[in-house]
Amino acid sequence: MKKIRVLLVDDEIVIREGFKKLFDWEAHDCEVVGEAADGMETLTKIDALLPDLVIMDINIPIINGLKVIQMSRIKHPDMAFVIVSGYDDFSYCREALRLQITDYILKPVDYEEFGTCIDHLKMAIFENKKMEQADEEGEHTIVGIVRYMQEHLTEEISLNILAEKFHLSAQYISQLFKNEIGVNFLSYLTNIRIEQAKKLLLSTDYAVAEISERAGYSDYRVFTKAFKKAEGVTPSQYRRTFLEE
């Protein structure tokens, strides 16, 4: 399991050293990858180190902690922040919550309570990463499927054929089309076939029956019906209209 990368931020070195020595990061699957003493340094370290979690005091020099979070959210919307502060002030808590921090812990730190906070956060980060990984895999897969469809347009294409080709379930591929492209599989297939037919109608002298086959329709009547439904005219009318203009 990959460790959670942590950035510690406090203007007091004693506090930072306390965090490093008094809390068992290893036991909670975390590693401290950097430290910062002020807001400007924190922003620089965040961009350079890309930590999963920033543990930070509010009252730090140059740029305060809440402003740092606000600025960081622009480039790193999914980064987790835990505020550790000596201020038991509702206005600070309210602003911190508005910025969607993970937790707000008061000094002096109760490390048992802190450990519970870290464990809950760790699970949330891992779940989020799993979802991101699944999304990336889905995007990569749909690109491969779409490329295959475009390259094999004259052949029979179905969810079952794609499932066998890509070693996935037909249901999963169907869901990918809805999630990644926004249309169902059949609508997308029909669209790319009609677009191919339109291109051939205007750029070649092929008979409509041959264009039907080259667009992936073995039945000329099915092709004509699908084309008219999509374009409002028959293939012959479409060709005539555009070539006469």
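Please read all numbers here as calculations on a predicted model, not as lab measurements.
Nearest heavy-atom pair, Pro235 versus Val208, reported as atom, atom and distance to 0.1 Å: CB-CG1, 3.8 Å. In plain terms, the two heavy atoms of Ala226 and Tyr217 that are nearest each other are CB-OH, 3.8 Å.
At a threshold of 4.5 Å between side-chain heavy atoms, the hydrophobic network of Ile, Leu, Val, Met, Phe, Trp and Tyr places Ile125 and Phe23 in one connected group. Residues Tyr172 and Ile181 fall within the same hydrophobic cluster, defined by Ile, Leu, Val, Met, Phe, Trp and Tyr side chains chained together at heavy-atom separations under 4.5 Å.
Ion pairing between Lys45 and Glu41 holds under the 4.0 Å rule for side-chain N and carboxylate O.
Heavy-atom neighbours of Glu195 CD from other residues, nucleotides or ligands within 6.0 Å: above the threshold of 12. Remark: Asp24 CG is packed, more than 12 non-hydrogen atoms of other residues, nucleotides or ligands lying under 6.0 Å away. The 12-atom threshold is exceeded at CD of Glu155, counting heavy atoms of other residues, nucleotides or ligands nearer than 6.0 Å.
Residues forming a side chain to side chain donor-acceptor pair (under 3.5 Å) with Lys129 (at least two apart in sequence, or on another chain): Asp52. Every salt bridge (Lys or Arg N to Asp or Glu O under 4.0 Å) that Glu26 has, sequence neighbours left out, goes to Lys3. In this structure Glu35 satisfies the salt bridge (Lys or Arg N to Asp or Glu O under 4.0 Å) test together with Arg16, Lys20, sequence neighbours excluded.
In this pair, Trp25 and Phe19 present their aromatic rings tilted. The plane angle is within the 30 to 60° band.
Partner Glu231 forms a salt bridge (Lys or Arg N to Asp or Glu O under 4.0 Å) with one of Lys198, Lys225, Arg239 and no other, that one being Lys198.
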